[in-house]
**Q** 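Starting off with a structure, shown below.
Because only heavy atoms are used, hydrogens play no part in the values below, and waters and symmetry mates are left out as well, while side chains stay in. Small disclaimer: the values here were computed from a predicted structure and weren't measured.
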Amino acid sequence: MDPLGSVIVETGRCIFSFFFTSIATLIKLQHNTGQLRKEFEKLEDRKNGIEEDVRLAETEGKCATEQVKGWLLKVEEIEQEVQPMLEKADRLAVQGCGPCCNILPRYRLCRRMAKKQLEVRQLISSCCFDNVVMDKKSPREAEEMIEKLMELLKGDENKRIAVWGMGGVGKTTLVRNLNNELESSSLMDSIDIVIWITVSKDLDLKKVQSQIAKRLNLELDPNEVIEERAKMLLKRLMMKKFLLILDDVWEHIDLDIVGVPQTDDQANRKILLTTRSLDVCRAMMTDEEIKLDVLKQEAAWNLFAQNAGDVVEVPSINPLARAVAKECSGLPLALKTVGKSMRNKRRIELWKHALHHLQHSDPHIKHIEDEVYRRLKLSYDSLPSKILQSCFLFCSLYPENYSIRTDELIQCWIADRLINEHQPLEDCFNDGIALIETLKDSCLLEQGDCAGTVKLHDVVRDVAIWISTKQGSEEPCASILFTNITKPPKQFSGFSELTVILLVGNPINKIHDNLFAGLRKVRVLNLSQSHIVTLPPSLSQLQKLRALILRDCCYLEKLPSLGALRKLLVMDLSGTRLRELPNGTSKLKKLQELHLSRTHHLETIEAGTISGLQSLELLDMSFSAYKWDIRCNVDYGKASFNEILTLDRISIVKLRLDKVDSVTLDSAWLMKLREFNIQISPGSCDSNHLATQHDEKRAILRGVDLMGIKGLNGLLDTASALDLVICGGISALSELSISHRLSSLQSVKSLSISKCDCITSFISGDNISGTILPNLEHLSLNRLENLGAILGGMVPRKGCLKWLKTIEVVDCKKLRALISFALLQQVKNLEQIKVKNCSKMKYIIGGEVSAEMIPKLRVIELSDLPMLKTICSRLPAWPALEMIEVRNCPMLTKLPFATSNGVAATLKEIRGELQWWNRLIYSNDEIKSRLQQRFQPLKPLQC
């Protein structure tokens, strides 16, 4: 055959082979496609059947088993792989196997489909479950709460119990679960009937009567008056031992009018109510109030996942689902509503959409407005006044999860005319506290992260923003917070009605010259914690400004003249770098509060500035560098301490003095003050010290010679709290009374002594003719290197330390005993003992002790006492002891209980390391058994 013929023949063979192979591959692909589709349809049928079983079970309060959940998740994953395969196979079948087709993709797809067919068959064969569903387990938090309610209901002393908390927190669910548990509880042996009444917001006493009557199978005439119906109910209920559950109570219910027996001796007639308001609990005179808080993180996630379905376990969706759940902030109502709205949604875009709207307080998620926001708004609607409603909405101007200082919030409310400023500052403060407590009692405000702060729950804040948006503000507010704004707008154009500007915590370093131009209605300006260095002259245009808050603007060095801000009530410049007070400050005739604490660079206050502030009631210059007590202040044109003495309305003063011999601290002036915090500390403006409590008069002496210093008499005569830090000149506190000719330090209720190495005994009775510290309640002794005894020398006259409640001793290396037998005679009101790190301490209470000597002692806390052998000689009984905590006291091998009867009925817990507990020696097994029930092991301290 010629070469050309050979080529033609070979080419023909190749073409034939190609078509044959293509047709075979296509046939095999079609076969595999059909088989896979057939098996996949079987799998889908199985999945749909199981999901239907789960859905029906969920209506009965059950849920899928973990095995079923895992199987459904695997089905979901294989669905995402098989569907695209089948679609691709259909497209290739339409294309056919022409000369231009590529066999390789068909071959690869054919093999993948064969492999996937095996996986589908395996899933079908593995779906034979012993149980598809199971009973839901209550979260541990709920179980513990139910157990607590059970215990309270068993006790004879609790006739009325309340479960209270914010709307949507699960009060009704908790009590419903309790009701279900009661059926199998021994408690039913003492109860004939449980009566569940849903009260709701619009109280209808006749409706309440009818619900009770229906449960009792008693017919009441709907046309009869309440009083007659009540007689019939009372007669029937007097024959019953009952638990009356009143769900969703919004106001006081007079149960006498309803016809519910109210006699005190009815031990087996209990009332359990749920409410959003602590005021309702008070009005109903409940014996025990249990507050139900939001869920913790793990329980919140479990509830959300339960409602959203297994889709939340898909790897690509799980992080978004957790972020969405987190936005619900543990509120069960929100977790359920949002979870159900996202149930089995598999598109990532939908989860991102939901997260965006939740983060921006936007209720554009299915059902959240009707089922969450409107229900929570009922608490807002129930507030007794428009003022309270406005105060609540004001709190939403602060950022999410932000702890608001209560004093700042009250300042802003005063400035925004929500509190009447035409009254003394103390009354304004009291009004503010009353408003805050009412909001807290209504579960619209909660305790903040630090003492003296409050915050809004995130969902409650969203509701407040939604309310403001819905009803429209009569006076618009701006709140730009924690958004990392470095360059604010040049001007707030179009916001001429603006009344409140809050820019807290933003790293703003410069304010444009015209930012405040045209804002003539602004009443509150808060730029705290920003990075501004100065403010523009346009600040003077805010002529209706009533609160200027620049606290902790740590770069702020200069302010323009403030003389035009004639309506200013509050100015807070604490923690700034100002070297001098702004010009025009003396013209602020209405200023009530001036805060200059921690102004470590303040050098100049012009003469006449302070004396010009004749409305001033509060001056806070604690830890400021300004020197009040230099006689030459007048010569240099600076304000002197005498200017403060001219302020007729001043009631709160906080400041630091280098010395007292050049100022007048007489008793008459100090007595006039409602509160003061005066620190005598030569050359130091250290701020590392306790803050003054409300209405407290605190004197702090730091680094002074207590024997040589003069001019202290007035301060020591009037102080209710006294702190001595690194002081010298005396060996016992009693010498302070003698050297300054003080009668007894009778005003002092709280005393702290630290780092005073000269002191060898707290009180020496040798030179005391009368009593000393007769009203002292709290004593703290810290790092007194040479303290050998609390009470030295002769026993002082009776009355010394007679009101002492707490004693705390830390780092006193030479102290061998805390309370001697002689001291024990004086301190019969002692409630708490805390001792730590005293290396030579051998015993806490000395001598033969009787119960009459320590009738009120509740708490004993002992830590790092290597030589301690005994707390005290064992007592026949402890009248009030509730808690003992022992940490790192290796030689303490016995607890002070002589008999099992000596174990106080009041004793709730003993805390200690497990190793220490196991080494304890007991008088008998009965004592050991009774104490064991109260032991709680302490976790090792982290280094």
Side-chain angles (χ1 to χ4, degrees), residues 140 144 147-148 151 778-783 790 805-813 815-820 824 827 830-847 849 851 853-943:
R140 184 61 196 151
E144 290 174 354
E147 289 172 6
K148 185 174 182 178
E151 287 300 314
H778 308 287
L779 173 63
S780 174
L781 305 174
N782 186 15
R783 295 181 65 179
I790 303 296
K805 294 180 179 178
T806 66
I807 179 168
E808 181 175 12
V809 178
V810 179
D811 286 328
C812 295
K813 307 297 185 184
L815 195 61
R816 295 176 181 271
L818 183 67
I819 301 175
S820 64
L824 193 60
V827 291
L830 192 63
E831 296 179 9
Q832 294 188 24
I833 293 174
K834 298 182 181 181
V835 186
K836 181 179 181 181
N837 202 25
C838 296
S839 56
K840 293 189 178 180
M841 181 77 69
K842 291 188 175 182
Y843 63 87
I844 303 300
I845 302 173
V849 184
M853 294 179 179
I854 48 172
K856 298 182 180 180
L857 186 61
R858 296 184 299 103
V859 176
I860 301 174
E861 294 182 21
L862 309 172
S863 175
D864 301 310
L865 308 175
M867 302 294 291
L868 184 70
K869 293 184 178 181
T870 182
I871 293 175
C872 73
S873 59
R874 287 171 289 179
L875 288 179
W878 291 82
L881 191 62
E882 296 178 7
M883 192 271 284
I884 298 176
E885 180 176 311
V886 178
R887 188 189 291 274
N888 194 21
C889 301
M891 296 185 70
L892 182 64
T893 57
K894 291 185 177 181
L895 291 176
F897 301 105
T899 65
S900 59
N901 292 333
V903 178
T906 55
L907 187 64
K908 296 176 180 176
E909 59 181 338
I910 302 173
R911 304 176 193 161
E913 298 125 325
L914 191 59
Q915 187 178 9
W916 165 78
W917 180 257
N918 291 333
R919 291 201 312 267
L920 283 180
I921 300 170
Y922 305 92
S923 300
N924 56 62
D925 290 341
E926 189 177 356
I927 292 178
K928 181 177 180 179
S929 176
R930 293 196 66 179
L931 294 180
Q932 184 70 53
Q933 299 169 16
R934 295 163 171 82
F935 177 65
Q936 295 290 332
L938 287 173
K939 294 180 181 178
L941 292 174
Q942 300 295 320
C943 297

**Q** Can you tell me how the ring of Tyr922 sits relative to the ring of Trp917, calling it parallel under 30°, perpendicular over 60° and tilted otherwise?
**A** perpendicular
**Q** Could you check whether any side-chain heavy atom of Leu830 comes within less than 4.5 Å of a side-chain heavy atom of Leu824, counting everything from C-beta outward?
**A** no
**Q** Does any non-hydrogen side-chain atom of Leu881 lie less than 4.5 Å from one of Phe897?
**A** yes
**Q** Drop me the distance from Thr906's OG1 to Leu857's CG, to the nearest 0.5 angstrom.
**A** 10.0 Å
**Q** Run the side-chain contact (heavy atoms from CB on, under 4.5 Å) test against Thr806 and tell me which residues pass, sequence neighbours left out.
**A** His778, Gln832
**Q** A quick test of your reading: do over 12 heavy atoms of other residues, nucleotides or ligands sit less than 6.0 Å from CG of Asn918?
**A** yes
**Q** Among Gln936, Glu885, Glu861, whose side-chain hydrogen bond (donor to acceptor under 3.5 Å, both in side chains) with Arg911 holds?
**A** Glu885
**Q** Pair Arg919, Gln915 - check side-chain contact (heavy atoms from CB on, under 4.5 Å), show working.
**A** CA-CA 7 Å; Arg919 291 201 312 267; Gln915 187 178 9; 3.6 Å; yes
**Q** Which side chain to side chain donor-acceptor pair (under 3.5 Å) pairs, counting each pair once, include a residue from residues 833-844, with sequence neighbours left out?
**A** Asp811-Asn837
**Q** As an exercise, state the distance from CD1 of Ile807 to CD1 of Ile844, rounded to the nearest 0.5 Å.
**A** 10.0 Å
**Q** Please tell me if the side chains of Leu781 and Leu815 come closer than 4.5 Å, counting only heavy atoms from C-beta onward.
**A** no
**Q** Kindly indicate whether the side chain of Leu931, heavy atoms from C-beta on, has any atom under 4.5 Å from the side chain of Leu920.
**A** no
**Q** Just wondering, are more than 12 heavy atoms of other shown residues or ligands nearer than 6.0 Å to NZ in Lys813?
**A** yes
**Q** Can you tell me how far SG of Cys812 sits from CD1 of Ile790, rounded to the nearest 0.5 angstrom?
**A** 7.0 Å
**Q** Any salt bridge between Lys856 and Glu831, counting N to O under 4.0 Å?
**A** no
**Q** Could you go through the side-chain contact (heavy atoms from CB on, under 4.5 Å) check for Trp878 and Ile884 one step at a time?
**A** CA-CA 12 Å; Trp878 291 82; Ile884 298 176; over 6 Å; no
**Q** Between Arg887 and Glu913, is the side-chain contact (heavy atoms from CB on, under 4.5 Å) condition met? List the steps.
**A** CA-CA 6 Å; Arg887 188 189 291 274; Glu913 298 125 325; 3.5 Å; yes
**Q** Return the NZ to CD distance between Lys928 and Gln932, rounded to the nearest 0.5 Å.
**A** 7.0 Å
**Q** Provide the closest heavy-atom pair for Cys838 versus Leu865 in the form atom of the first, atom of the second, distance.
**A** N-CD2, 3.4 Å
**Q** Check Ala880 against Pro855 and note the closest heavy-atom contact, atom names and distance.
**A** CB-O, 3.5 Å
**Q** What's the separation between atom CD1 in Ile860 and atom CD1 in Ile845, rounded to the nearest 0.5 Å?
**A** 5.5 Å
**Q** I need the minimum non-hydrogen distance between Met891 and Met867, along with the two atoms involved.
**A** SD-CA, 4.0 Å
**Q** Strictly distance-based, threshold 3.5 Å: is any side-chain N or O of Trp916 a donor or acceptor partner for the main-chain N or O of Leu892?
**A** yes
**Q** Could you measure the distance from the SG atom of Cys872 to the CD1 atom of Ile854? Nearest 0.5 Å is fine.
**A** 5.5 Å
**Q** Quick one: do Val835 and Leu868 satisfy side-chain contact (heavy atoms from CB on, under 4.5 Å)? Show the steps, please.
**A** CA-CA 11 Å; Val835 186; Leu868 184 70; over 6 Å; no
